[in-house]
Asker: 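Right, I'll just put the structure down here and ask away after.
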Amino acid sequence: MTVSKIFAAVSGIAILVGAAWSVSGSNAQATSKTQAAPPTEEAAIAPAQQPKPQAKPTSVAPAPQAPQVQLSTPVARGPVTHLPIPRYVSLKGGKGNARRGPSLSHRIDWVFTHPGMPLRVTAEFGHWRRVEDSEGQGGWIHYTLLSGVRHVIVTQDMVDLHARPDEKAEVTAKAQIGAIARLGACNHDWCEIEGGGADGWLPKADLWGVDPDETRD
């Protein structure tokens, strides 16, 4: 091989080696630049966009409940007697004129003719009381014609009177509807009545002239 050919071959190898080194160096620099590049704005914000850990709810002890207070309804009272309104009374004699207003100058609207008839007082004015019977009839009547002795009217026909406030107790008598009897003791469900020579207990629901929640000794 001639000297010129050997020199040419060596020069070619050197060029190839130089080209390879140049490419390798460029790749290394590119890799180095990529690794050394500063973080972008997106990369810096990304951690802030991650959901924050949720705080565990703290258990709150229930507030103590206020004690329940049962309020009783105030009882209305008459301006004259200061007795409860409404309340029950009875007709003292055998006749009582019920007038349209609280004076003798007012016309008579109704006449009560049964001694002991139970009446309900709904208003007061001076010496006059506005009353009504079991059918809602009535008017203003002078207080001297009324009595505080309590009577009732039987509202069911042929109702049994018992020896004790118990439906299984002995039956002592029977009462007709409309019968007027004197009122005795009452519990929450039963009342004792007396009239016509007989007495006994019957359900309070079969009477007019006593309140449903009224008790008497």
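Only heavy atoms go into these numbers, but all of them, side chains included; no hydrogens, no water, no symmetry mates.
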Asker: For the atom pair CD (Glu132) and CG (Leu119), what is the distance rounded to the nearest 0.5 Å?
Answerer: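 So the gap between those two atoms works out to 9.0 Å.
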Asker: Is there a donor in the side chain of Glu124 and an acceptor in the side chain of Thr81, or the other way round, less than 3.5 Å apart?
Answerer: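 Yes, Thr81 and Glu124 have a side-chain donor paired with an acceptor closer than 3.5 Å.
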Asker: Given side chains that start at C-beta, do those of Cys186 and Val210 come closer than 4.5 Å, heavy atoms only?
Answerer: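 Contact flag for Cys186/Val210 side chains = yes.
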Asker: So do the side chains of Lys92 and Leu146 get within less than 4.5 Å of each other, counting heavy atoms only?
Answerer: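 Sidechains of Leu146 and Lys92: no contact.
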Asker: Is a donor on one side and an acceptor on the other found under 3.5 Å between the side chain of Asp157 and the backbone of Gln176?
Answerer: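 Here the side-chain-to-backbone pair does not exist.
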Asker: More than 12 heavy atoms of other residues, nucleotides or ligands under 6.0 Å from NE2 of His142: is that the case?
Answerer: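 More than 12 within 6.0 Å, yes.
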Asker: For Trp208 versus Pro118, what's the shortest heavy-atom pair and its separation?
Answerer: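 It is CZ3-O, 3.4 Å.
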Asker: Would you mind telling me which of Ile193, Val154, Asp199 makes a side-chain contact (heavy atoms from CB on, under 4.5 Å) with Leu161?
Answerer: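 Only one of Ile193, Val154, Asp199 forms a side-chain contact (heavy atoms from CB on, under 4.5 Å) with Leu161, namely Ile193.
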Asker: Which pair of non-hydrogen atoms, one from Pro165 and one from Asn187, has the smallest distance, and what is that distance?
Answerer: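 Between these two residues, the closest heavy atoms are CB-ND2, 3.8 Å.
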Asker: Decide side chain to side chain contact (heavy atoms under 4.5 Å, CB included) for Asp160 and Lys174; before the verdict, give the C-alpha distance in whole Å, the side-chain angles of both, and the deciding distance to 0.1 Å.
Answerer: CA-CA 5 Å; Asp160 292 336; Lys174 288 184 178 292; 2.3 Å; yes
Asker: Under 3.5 Å, side chain of Lys204 to main-chain N/O of Asp189, donor-acceptor pair present?
Answerer: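 Flag not set: sc Lys204 to bb Asp189 has no pair under 3.5 Å.
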Asker: Which distance, rounded to the nearest 0.5 Å, do you find between the CH2 of Trp110 and the CG of Asp133?
Answerer: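 Here the rounded value is 6.5 Å.
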Asker: Do Arg182 and Glu194 meet the salt-bridge criterion of a basic N to acidic O distance under 4.0 Å?
Answerer: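 Here Glu194 does not pair with Arg182 in a salt bridge, since their nearest N and O are not under 4.0 Å apart.
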Asker: In Å and rounded to the nearest 0.5 Å, what is the CZ to SG distance from Arg150 to Cys191?
Answerer: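 Interatomic distance, Arg150 CZ to Cys191 SG, rounded to 0.5 Å: 8.5 Å.
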Asker: Answer with yes or no whether the hydrophobic clustering places Val89 together with Leu145; edges join I, L, V, M, F, W, Y residues whose side-chain heavy atoms lie under 4.5 Å apart.
Answerer: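 Val89 and Leu145: one cluster.
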Asker: Go through the structure and list residues passing ring-ring contact (aromatic ring centres under 6.0 Å, His included) with Tyr143, not counting sequence neighbours.
Answerer: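 For Tyr143, the residues satisfying ring-ring contact (aromatic ring centres under 6.0 Å, His included) (neighbours in sequence not counted) are His127.
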Asker: List the atom of Thr113, the atom of Pro115, and the distance in Å for their closest heavy-atom pair.
Answerer: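 Heavy-atom minimum between the residues: O-CD, 3.6 Å.
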Asker: Are the side chain of Arg216 and the backbone of Ala185 linked by a donor-acceptor contact shorter than 3.5 Å?
Answerer: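 It does not hold such a pair.
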Asker: Is there a side-chain contact between Met117 and Ile180, using heavy atoms and a 4.5 Å cut-off?
Answerer: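 Met117 reaches Ile180 side chain to side chain.
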Asker: Which atom pair, heavy atoms only, marks the closest approach of Gly139 to Ala98?
Answerer: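 The pair with the smallest heavy-atom distance is N-CB, 3.6 Å.
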Asker: With side chain to side chain contact (heavy atoms under 4.5 Å, CB included) as the test, would you mind laying out the steps for Phe112 and Asn97 before giving the verdict?
Answerer: CA-CA 6 Å; Phe112 298 113; Asn97 296 330; over 6 Å; no
Asker: Look at the side chain of Arg120 and the backbone N and O of Gly136, then say whether any donor-acceptor pair between them is shorter than 3.5 Å.
Answerer: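 A pair under 3.5 Å: no.
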Asker: Measure the spacing between CG of Leu104 and CH2 of Trp140 and express it to the nearest 0.5 Å.
Answerer: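 Reported value, rounded in 0.5 Å steps: 14.0 Å.
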Asker: Would you name the heavy atoms of Pro84 and Val75 that are closest together and state the gap between them?
Answerer: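 Shortest heavy-atom contact: CB-CG1, 3.8 Å.
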Asker: Supply the atom-to-atom distance Asp206 CG to Ile153 CD1, rounded to the nearest 0.5 angstrom.
Answerer: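 Reported to 0.5 Å precision, the distance equals 13.5 Å.
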Asker: Looking at Glu214 and Arg87, does any basic side-chain N land under 4.0 Å from a carboxylate oxygen?
Answerer: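 Here Glu214 does not pair with Arg87 in a salt bridge, since their nearest N and O are not under 4.0 Å apart.
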Asker: May I ask you to test the Val121-Arg129 pair for a side-chain heavy-atom distance under 4.5 Å?
Answerer: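 Counting from C-beta outward, Val121 and Arg129 do come under 4.5 Å.
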Asker: Check whether Thr122 reaches the backbone of Pro86 with its side chain - one donor and one acceptor, N or O, closer than 3.5 Å.
Answerer: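 Judged by distance alone, no pair lies under 3.5 Å.
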Asker: Indicate yes or no: does Asp109 engage Arg100 in a salt bridge with an N to O separation below 4.0 Å.
Answerer: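 Here Asp109 pairs with Arg100 in a salt bridge, since their nearest N and O are under 4.0 Å apart.
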Asker: Do His151 and Tyr88 have side chains that get closer than 4.5 Å, going by heavy atoms?
Answerer: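 The answer is no; the side chains never approach within 4.5 Å.
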Asker: Mark yes or no for whether Ser90, through its side chain, and Val149, through its backbone, hold a donor-acceptor pair below 3.5 Å.
Answerer: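 Looks like yes, one N/O pair under 3.5 Å.
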Asker: Report the distance from atom CD1 of Ile108 to atom NE2 of His106, rounding to the nearest 0.5 Å.
Answerer: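 Reported to 0.5 Å precision, the distance equals 12.5 Å.
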Asker: Can you confirm whether Glu170 is buried at CD, in the sense that more than 12 heavy atoms of other residues, nucleotides or ligands lie under 6.0 Å from that atom?
Answerer: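 Open: at most 12 neighbouring heavy atoms sit under 6.0 Å from CD of Glu170.
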